[in-house]
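Inspection log for the structure reproduced underneath, given as structure tokens.
Side-chain atoms are counted along with the backbone in the values below, which use heavy atoms only and exclude waters and symmetry mates. Fair warning: this is a prediction, and the values are worked out from it, not measured in the lab.
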Amino acid sequence: MADPRMFLWFYFFLLKRRKRIGRQRKKSTIQIRKINDLREMVGKQWKNTVNASLTITLLYGCLTNRDVWSWFKPSHSYWVISSQQWTARMWIDHLRMKKETFLYLCRDLAPFLEKQQTRFRETIPVSKRIAIALWRLASGHDYRSLGQLFGVGRSTCCKITHHVSDALVSVFLKRFIATVSNERVQETKEAFRIMSGLPQCVGAVDGCHIPILAPTEHHCDYFNRKHFHSIILQAVVDHKRRFQDIYIGWPGRVHDARVLANSSLYAKGQNGTLFPDDVQIIDEVEIPLYVVGDPAYPLLPWLLKVYPDDGMLTQAEKYFNRCLCKMRFVVEHAFGRLKGRWRCLLKRNDTTMQYIIQQTAACCVLHNLCEMQEEEFEEDWRVEPDVDGHNINNPEGDEDVRDVLKGMLQRQWGL
């Protein structure tokens with residue numbers, strides 16, 4: 001039989017343990033309550049501090065005149081209102097074209113640039129988009145200045161310029177830049193013949209440099225002999241200083257002859273598909289249609305250049321060189337008018353290589369449009385183009401055409 005004293009001892013042990021656990025729970029509850037009170041007090045103090053700081057800030061802002069808070073930013077209607085007050089001279093100065101030409105661009109580019117109107121925001125009109133891009137291409141101003149002028153964001157100006165440039169190239173490149181067609185070949189031939197006395201010439205080819213930022217990869221290839229980074233624009237120009245063919249993107253260090261050899265112009269010339277089939281027989285030699293270039297280019301049946309000056313040129317050869325240079329000057333004048341009218345090509349372009357090529361092509365399209373519309377060109381816009389005028393002569397090729405033309409001039413002028 002169990003001892004009753006054991007039961008009493010176990011009973012008092014459990015009772016004591018229960019009291020101890022109760023005291024511990026009470027102590028924990030008190031500590032938790034103190035912690036919650038402390039948190040509430042700190043929260044109230046922090047809230048009061050924040051409210052006081054905001055109150056002081058607002059009072060300070062009301063008492064002081066902060067320009068940055070009241071900075072004027074033109075609204076979307078700024079372009080519409082200001083353009084209506086422009087004179088004909090202001091259209092030429094700001095956008096390099098008459099208002100009628102600008103409206104022509106708006107009409108043809110509207111299907112490619114027009115955005116859908118939504119409830120969230122008002123879309124930028126097509127006319128304003130084109131004006132932003134033309135202002136950027138004509139002046140070379142940075143996007144921050146354009147944003148302040150037109151009341152849009154800096155990134156918006158950048159995107160609009162890229163979109164408009166892409167639309168110009170997509171819509172107008174094949175329409176405005178094309179080789180001499182059957183309808184224009186007679187006019188071009190006659191104009192160059194009157195200019196120089198040489199028949200069958202339908203264009204002049206040369207290259208110029210477009211300044212760029214140094215690329216991250218292979219930047220040495222873009223550092224040209226004039227000591228800046230660039231890409232090359234190769235172009236064929238007619239007698240009216242309009243581009244017939246453009247080829248853009250080769251690094252500035254590359255020689256003109258190599259750029260030509262890799263272009264579609266060279267491939268078509270070698271295949272006989274560059275110009276219409278039109279030959280003139282002089283001294284029993286067929287003279288095809290041809291273009292003229294500087295001494296850096298190879299001598300080809302469809303590409304003529306001057307006789308190399310070795311100090312022993314005859315009078316006939318010197319006269320032939322002068323006549324050829326008269327025709328070659330049109331391409332240099334075209335580059336000067338291109339960069340003078342669209343001055344973004346004068347300064348170092350800070351966009352990516354893809355967009356530099358795109359904007360350069362868009363400027364060439366706009367150049368042809370302005371020349372076709374006979375837009376006014378101020379003489380103080382004219383600049384000296386970065387053409388490659390070096391006298392590195394390539395090995396002579398087929399000299400029959402050049403010698404026949406020289407003989408014709410010799411007999412004609414009694415040299």
Side-chain angles (χ1 to χ4, degrees), residues 74-118 121-141 143 145-153 156-178 184 238 240-244 246 334 337-345 355 358-378 381:
S75 64
H76 288 291
S77 61
Y78 171 76
W79 153 250
V80 179
I81 297 174
S82 61
S83 62
Q84 291 177 352
Q85 301 174 355
W86 283 3
T87 62
R89 178 72 263 167
M90 295 176 67
W91 279 95
I92 297 295
D93 289 340
H94 296 326
L95 303 183
R96 300 299 194 258
M97 60 183 62
K98 299 188 292 288
K99 184 177 181 180
E100 294 76 12
T101 308
F102 175 79
L103 296 178
Y104 166 76
L105 286 178
C106 295
R107 184 178 65 254
D108 282 24
L109 296 181
F112 300 88
L113 298 177
E114 196 169 9
K115 302 297 181 179
Q116 184 179 1
Q117 196 82 7
T118 65
R121 65 177 60 183
E122 182 181 357
T123 60
I124 301 176
V126 173
S127 60
K128 186 174 181 179
R129 291 174 178 272
I130 296 177
I132 291 174
L134 292 182
W135 199 298
R136 160 69 178 176
L137 298 178
S139 64
H141 288 170
Y143 295 118
S145 301
L146 283 179
Q148 291 294 326
L149 181 64
F150 287 90
V152 296
T156 303
C157 289
C158 181
K159 292 179 180 179
I160 287 176
T161 302
H162 295 333
H163 291 167
V164 174
S165 299
D166 184 62
L168 285 168
V169 174
S170 301
V171 177
F172 294 126
L173 182 63
K174 294 183 178 180
R175 187 188 307 183
F176 291 152
I177 299 180
R184 293 173 48 202
D238 65 6
K240 293 184 177 180
R241 299 182 293 267
R242 296 177 300 190
F243 297 118
Q244 302 177 19
I246 58 174
R337 292 171 72 91
L338 170 70
K339 290 189 173 184
R341 182 177 276 129
W342 308 107
R343 306 186 78 84
C344 68
L345 303 179
Y355 291 129
Q358 179 193 65
Q359 290 184 17
T360 304
C363 290
C364 293
V365 169
L366 292 170
H367 168 84
N368 273 18
L369 174 63
C370 292
E371 294 295 335
M372 292 176 182
Q373 299 295 327
E374 298 181 354
E375 299 289 352
E376 184 178 351
F377 184 86
E378 294 289 338
W381 295 350

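Of the inter-residue distances, the one linking Leu109 atom CG with Ile130 atom CD1 reads 4.5 Å to the nearest 0.5 angstrom. Atoms OG and CZ, from Ser165 and Arg136 in turn, are 9.5 Å apart once rounded to the nearest 0.5 Å. To the nearest 0.5 Å, atom CH2 of residue Trp342 and atom NE2 of residue His367 are 11.0 Å apart. A distance of 11.5 Å separates CG of Leu103 from CG of Asp108, quoted to the nearest 0.5 Å. We find the CG-CZ distance between Leu369 and Phe172 to be 7.0 Å, quoted to the nearest 0.5 Å. To the nearest 0.5 Å, atom OG1 of residue Thr101 and atom NZ of residue Lys99 are 12.5 Å apart.
Here the side chains of Trp381 and Asp93 are in contact, with some heavy-atom distance below 4.5 Å. Side-chain contact check for Asn368 versus Cys364: every heavy-atom pair is 4.5 Å or farther apart. Counting heavy atoms from C-beta outward, Thr161 and Gln359 have side chains that approach closer than 4.5 Å. You'll find the side chain of Arg96 stays beyond 4.5 Å of the side chain of Glu378, heavy atoms only. Side chains of Cys363 and Cys344 form a contact here, defined as non-hydrogen atoms less than 4.5 Å apart. Within the 4.5 Å cutoff, the side chain of Leu168 has heavy atoms near those of the Leu105 side chain. With contacts defined as side-chain heavy-atom distances shorter than 4.5 Å, the pair Met97/Leu134 qualifies. Contact of the Phe243 side chain with the Leu338 side chain is registered, since non-hydrogen atoms from C-beta on lie closer than 4.5 Å.
The heavy-atom pair separating Val126 from Cys106 by the smallest distance is CG1-O, 4.1 Å. Scanning both residues, Asp238 and Gln244, for their nearest heavy atoms gives CB-NE2, 2.7 Å. The two atoms that bring His141 and Leu146 nearest to each other are O-CD1, 4.5 Å, heavy atoms only. Taking each heavy atom of Ala131 and Phe102 in turn, the nearest pair found is N-CE1, 3.9 Å.
For Glu371, the salt bridge (charged side-chain N to carboxylate O under 4.0 Å, His left out) test picks out Arg337, Arg341, with sequence neighbours left out. Among residues two or more places apart in sequence or in another chain, the salt bridge (charged side-chain N to carboxylate O under 4.0 Å, His left out) test is passed with Arg129 by none. The salt bridge (charged side-chain N to carboxylate O under 4.0 Å, His left out) test applied to Glu114 returns no partner, not counting sequence neighbours.
With Thr156 contributing its side chain and Val152 its backbone, the two residues share no donor-acceptor pair below 3.5 Å. The backbone N or O of Leu137 sits nowhere less than 3.5 Å from a side-chain atom of Arg343 that would complete a donor-acceptor pair. Looking only at distances, no side-chain donor or acceptor of Lys98 sits under 3.5 Å from a matching main-chain atom of Ala88.
Classified by interplanar angle (parallel below 30°, tilted 30° to 60°, perpendicular above 60°), the ring pair Tyr104/Phe176 is tilted.
Residue Glu374 places its CD atom among 12 or fewer non-hydrogen atoms of other residues, nucleotides or ligands, all under 6.0 Å distant.
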